[in-house]
Amino acid sequence: MSTNGKRVEYRTCPFCEATCGLELHLEGQEITLVRGDRDDVFSHGFLCPKGTALKQLESDPDRIRAPQVRRGDDWDTVSWEEAFAEIDRRLPPILEEHGRDAAGVYLGNPNAHNLANLIYGRVLLLALGSANVYSASTVDQMPKQVSAGLMFGTALSIPVPDVDRTDYLLMLGANPFASNGSLLTAPDLPGRLRALRARGGKLVVVDPRRSKTAEEADEHLFIKPGTDALFLFALAQTLFADGLVEPGAVGEHLTGLAEVEQLAAAFTPERVAPVCGIAADTIRRVAHDLAAAPHAAVYARIGTCTQEFGTLASWLVDVLNVLTGNLDREGGAMFTKPAAGGANTGGTPGIGRGVKFGRRRSRVRGLPEVFGEMPVVCLAEEIETPGAGQIRALITVAGNPVLSTPDGARLDRALESLDFMVSVDIYRNETTRHADVILPAPPLLARGHFDVALYSLAIRNIANYSPPLVDLEPGEMHEWEVLLRLANIVSGAGADADPNPLDDFVITQQVEKAVSRSGSNVEGRTSAELLDTLSSRRGPERVLDFMLRTGPYGDGFGADPDGLTLSKLEANPHGVDLGPLEPRIPEMLRTPTGKVELAPESLVADVARLRQALGRERNGEIVLVGRRDLRSNNSWMHNLDVLVKGKPRCTMHVHPDDAHRLGLIAGAAARVKSRTGEILVPVEVTDAVMPGVVSIPHGWGHSVPGVAMAVAAEHAGVNSNLVADPDLFDPMSGNAVLNGIPVEVAPA
Ligand code: SF4
């Protein structure tokens, strides 16, 4: 590729789930300007301040550009060969002596935005064969994946609100004016929500904080943290009691409706109101409004997932969508039909194996595995606790669990005790400072980009591929190759093994599966023919081309000449709009019954735990919740001056009544203490947070030694996860409780 001279290129922003199109002005390898791509079929020119920071991220002097090996407190820059040789020298002996589980893996959030890592991270996990796999999913979204899996059959069969066509949106625990959508892919969600209201629709926000989204809503209801499931159940109870249940077209594909009615009976608005802090008549009114709206949707996100009843709350959101007849219909909560990699677009339409959890249990605490991974609340104890299966080595990929998971101080100590650690990362951060070897990712512009996961949750069917825009510089390596070389090392093939045969094996396996699968658009074709057609590409692009061609809009390798291929996406740099969402039940179901499982057994069993919470009134107690800022996504964004400059954002919001009662003074420091630790944080007094609740954003705390992030160090903030307790989690999903942590607060 020619990368000389000035040029304008287009690319999907890789920073959050909104998938905005960027217009990049380049001079050689350098970005000179970032704008929103007005011709992008999905974002139409929208972008937020984070998108423009791509320029700073690519040129950040603190980014690691070459492999690093730690020698005591010093770091040596080494060649790739030396780095892989070091890993080969130290990691396989640990596996040989202590078994595969002796190496753990932690995958951070940016992997969800990275085509190469989504494909080849899995290859690494298979090659390693360890039960100790952890990711940011269990501090974020696992409850929704579990409830979706149980109800619809696959982890990403998550209905998304049809925001552009709905008349009424009930939103819990989400703040898209700061963070855009989450498990809901939609550029410019703020604009879409304003449009909803402008056309006469209603937005109701339920949140312990009056967030920017709540300010923009028609109505905001403060709710006590951790009680969303109770509120949602009370809405369901009202719908049943007042004869408002009308599932509509989905009705004939349902099982468990009567059971849900029975379960809901205990959660009357009167019983729920004192616990959740929303008056009984308000709960009834919301239920009636929801039922009366021509098209309505309930949507809930992080605040409802990161709590002790996360899976129940996630389930009840979709129960309500069903009860009001809004599941799978225009303007309601609908399923995307993604162009590539959709779990509910392959296999037999309408039926599947469903999901199973707990096939393994964590060694120390016995927590069940979910979707092949262990809850990250277990990670530190699995490293610390001696015995067979103890984690002695760790591989992290694009993650900073010291800042993003509970009791970061304990995990920090645990990482220090490892025999070996290797990190694939762009920074030496609070976590990777413990690594023995850091392998850098190349510039973002050097890799192709396609949001295979996020387009599964989009409010329109969209496909948009961004090709690499710059060449690798000497000494840089594609992440897919890094991951394959790590896979070669852990599988015993060695550091010098060529990664290409493994890459060929990956695609061959997928092709062979497709040609032998009944109903696939290449059924009965020969693998050799398909592989030959794909042979001009390798790595993630080859896999993506295959996924697109065999996907629901694919060309079937020539069977439909108008169908989708990677070449077609390359010819459409602003993306391809595959149309609005359409009803997909029953074909998208992959449950063993072929029905929407409204009352899955394990969820029903968990309701008893929620019933006990009915008696719980936490008067006088202070609980901690998180907060997102428009300019911050994850911890790694804190090294970009354009995003962190200005007023410090890592502060604690506290209600004036609590500030007065506790003697807290605006601008002074407060001491926030829990079972696991304590932090000092500046106070902001505001009635935007409800009494009894304090709010601190996560991802901060960059003041520890050994971190090489100069800008972040100047805006260090505090790590709110030092007071997050690994003993608090949602037992269904293993997800950590990060909203509703009981804390003691006092002046520092
Ligand atoms: S909203 Fe998300 S995808 Fe869009 S520009 Fe901002 S960070 Fe990028």
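Computation of the quantities below employed the complete heavy-atom set of this structure, encompassing side-chain atoms and omitting hydrogens, waters and symmetry-equivalent molecules. Read the numbers this way: they start at 1 and go in the same order the structure lists the ligands and their atoms.
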Regarding R7 and E9, does a basic nitrogen lie under 4.0 Å from an acidic carboxylate oxygen? yes

Contacts of atom 6 (Fe) of ligand 1 with protein N/O/S atoms, counting only those under 2.8 Å: C48 SG

Please report the interatomic distance OG(S733) to NZ(K144), rounded to the nearest 0.5 Å. 12.5 Å

Taking non-hydrogen atoms only, is T19 closer than 4.0 angstrom to ligand 1 via side chain, backbone, both or neither? backbone

Using atom types as modelled and distance alone, determine if a side-chain donor or acceptor of E30 lies under 3.5 Å from a backbone N or O of E27. no

Can you tell me how far OG of S137 sits from CZ of F371, rounded to the nearest 0.5 angstrom? 10.0 Å

Identified ring-ring contact (aromatic ring centres under 6.0 Å, His included) counterpart of H638 within the set H698, H702, H715: H702

Answer yes or no: is there an ion pair linking E216 with R194, defined by an N-O contact shorter than 4.0 Å? yes

